[in-house]
Chemist: 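Just dropping this structure here.
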Protein chains: 2
Amino acid sequence: MTEPKEFLYPGKWLSKASAGDRVACELRMQIISGLIESGTILSENKLAADFAVSRSPIREALKILASENMIRLERMGAVVIGLTEKEIEEIYDVRLLIETFVFERLVKMDIHELVNELSKIHEMMKVAIKFQDADEFSYQDVLFHETIIRAINHSYMLMIWNNLKPVMESLILLSMRARFKEKYEDFPRILENHELYIEAIKTRDRTLMIKSLHQNFDDVQGKIEDLWMSQQMLSKGAELEDE
Amino acid sequence: MTEPKEFLYPGKWLSKASAGDRVACELRMQIISGLIESGTILSENKLAADFAVSRSPIREALKILASENMIRLERMGAVVIGLTEKEIEEIYDVRLLIETFVFERLVKMDIHELVNELSKIHEMMKVAIKFQDADEFSYQDVLFHETIIRAINHSYMLMIWNNLKPVMESLILLSMRARFKEKYEDFPRILENHELYIEAIKTRDRTLMIKSLHQNFDDVQGKIEDLWMSQQMLSKGAELEDE
DNA sequence: GTTATAATACTTGTATACAAGTATACCTTA
DNA sequence: TAAGGTATACTTGTATACAAGTATTATAAC
């Protein structure tokens, strides 16, 4: 069996991460991309062998993934749940719920510094596009939304985000990588959406915020199906190669 | 130093739990009750000695508590965060957010079986009051709300609940135990609130649902301050005894 | 007395060892 | 051939061991 030498998750994001985190990030990407199919049973020992680490970090990784609803820890083995269309919709339910809540708080706050911060991130995204750096773009995209959420200083809203973030990050990464290759013309629109979002915050315009938020979802979700197909093909291909 | 032989968390709820879960549950109770003060630094080795287990389950417990925002894992040691008034309000923000979302889904569903289930739990609560069983009452109270959330079959809403549940459970436990001793007359009103909630679901009445939900919060939160004081006194007393 | 350096006693993260339990497969017996 | 029991090869959860790093403290030099 030929092991993939290349990891799906960007190595430079893991500079100070523990082995457990690394494994969790990589497994998460493999699950979301479809490389590991839904229903697969993961064994601690096998994973430890595959990733060339001991069971301790593997157990840590599995606990993380279970709390993110990516796997289900059963009596024997961890069953991969993965993301169907239904789960992706559910994730967006939660994001919509969080971000609208956050917005209601924002309109009562001094948002000067936040808007400034978001503008900076927005500029970063432009640069990432210019240099065709999908990973950097994804990073800034996630950071954009996290910055908004952090702004209201609500530890339990942040807790929800922290649980959702890894999955979102992986989804966005995969979506953007595919987009850079196939749909480069999408990016001006994505950038514009983020501008609209900033504008909505600046002018405290609920309707505009909801609108740009929904469009932002569509930008990741819209092409999910295509992404799905291509990733499925990819994983089937890899399987065939293995034999 | 005299160790408490009695655990705060009900032992019978831990029949099939691992050592890590036990430690997490007990530590959570101690933090929320104020027995372990906010700002305290927990050491893995010390905890392992205190609970007479190895570091493995302790590490597991600390990871769990960190994901619940009860502690903050730092470079050296785990810092206890605990619950201030602010955090408790935030928790109720989240519950309100979840349960209103759930209600919007419920009104579009067949709620026959759910109402039946809730009525059963409601009866159980009555029995628990009759026999002055605070723990059983708390269990049924938590189950009541979990049953409602589970009804809409939304895995990511359930994920949020799963993160929040342990803290809620501890809060309710402490609140109800104090109530059984000091404010026994509160229970008829609490029961009535739950009846109202069932009624709201049955008649699909948003306003009634929100109203009973808010009252339900007040029933736990309202006496939090008193609880706080009494627990603080208790912990001070224990400290003095130790020396 | 103050500062710099070195030794020590912690800390975390990972690997390994072991015990208890569970599914699988094989072998015995009818 | 079918049923039942046993052996085996897994599984998880916990304990222990070890390496690498960090704070603290003591010591030495100025």
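Naming convention: chains lettered A, B, ... in sequence-line order (proteins, then strands); numbering from 1 in each chain.
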Chemist: With a cut-off of 6.0 Å (strictly less than), are more than 12 heavy atoms of other residues, nucleotides or ligands near NZ of Lys86(B)?
Modeler: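 Check passes, neighbour count above 12.
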
Chemist: Does Glu44(A) reach the main-chain N or O of Arg59(A) with its side chain, forming a donor-acceptor pair under 3.5 Å?
Modeler: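 Here the side-chain-to-backbone pair does not exist.
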
Chemist: Under 4.0 Å between any heavy atoms, over every strand shown, what does Ser56(B) touch: base, sugar-phosphate, or nothing? Just pick one.
Modeler: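 Base contact.
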
Chemist: Measure from CZ on Arg59(A) to P on dA15(D) and round the result to the nearest Å.
Modeler: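 From Arg59(A) CZ to dA15(D) P: 12 Å.
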
Chemist: Would you please classify the geometry between the Phe137(A) ring and the Phe180(A) ring as parallel, tilted or perpendicular, with 30° and 60° separating the classes?
Modeler: perpendicular

Chemist: Nearest to the Met76(A) side chain among dG13(D), dT11(D), dT14(C), which nucleotide is it?
Modeler: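 The closest nucleotide is dT11(D).
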
Chemist: Is any N or O donor-acceptor pair between the side chain of Arg75(B) and the base of dG21(D) shorter than 3.5 Å?
Modeler: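 Answer no: no donor N or O sits under 3.5 Å from an acceptor.
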
Chemist: Rounded to whole angstrom units, what separation is found between the CD atom of Glu74(B) and the C1' atom of dG13(C)?
Modeler: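 Taking CD of Glu74(B) and C1' of dG13(C), I get 17 Å after rounding.
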
Chemist: Please determine whether a side-chain nitrogen or oxygen atom of Ser54(A) lies at a distance below 4.0 Å from atom OP1 or OP2 of dA15(C).
Modeler: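 The answer is yes; a side-chain N or O of Ser54(A) sits under 4.0 Å from OP1 or OP2.
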
Chemist: In terms of side-chain heavy atoms of Arg55(A), which of dC18(C), dA17(D), dG21(D) is nearest?
Modeler: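 Shortest atom-to-atom distance from the side chain points to dC18(C).
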
Chemist: For Asn45(B) and for Glu60(A), locate the closest nucleotide of DNA chain C by heavy-atom distance; then report the residue assigned to the nucleotide nearer the 5' terminus.
Modeler: Asn45(B)

Chemist: In whole Å, I'd like the distance from the CG atom of Leu73(A) to the C1' atom of dT12(D).
Modeler: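 Result: 11 Å.
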
Chemist: Whole Å only: how far is the CD atom of Glu44(B) from the P atom of dC18(D)?
Modeler: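 Spelled out: CD on Glu44(B) to P on dC18(D) is 19 Å.
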
Chemist: Taking CG from Leu62(A) and C1' from dT12(D), how many angstroms apart are they, rounded to a whole number?
Modeler: 11 Å

Chemist: Side chains of Thr40(B) and Glu37(B): any donor to acceptor distance under 3.5 Å?
Modeler: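 No pair is found: no donor N or O on one side chain lies under 3.5 Å from an acceptor on the other.
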
Chemist: Give the rounded distance in Å between these two atoms: NZ of Lys46(B) and P of dC10(C).
Modeler: 13 Å

Chemist: Would you kindly give the CZ-to-P distance between Phe51(B) and dG13(D), to the nearest whole Å?
Modeler: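 These atoms are roughly 19 Å apart.
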
Chemist: Counting only side-chain N and O atoms of Ser43(A), is one of them less than 4.0 Å from OP1 or OP2 of dC10(D)?
Modeler: no

Chemist: Between CD1 of Ile152(B) and CZ of Phe101(B), what distance do you get to the nearest 0.5 Å?
Modeler: 5.5 Å

Chemist: dT14(C) C1' sits how many Å from Ile58(B) CD1, rounded?
Modeler: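 Nearest whole value for this atom pair: 18 Å.
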
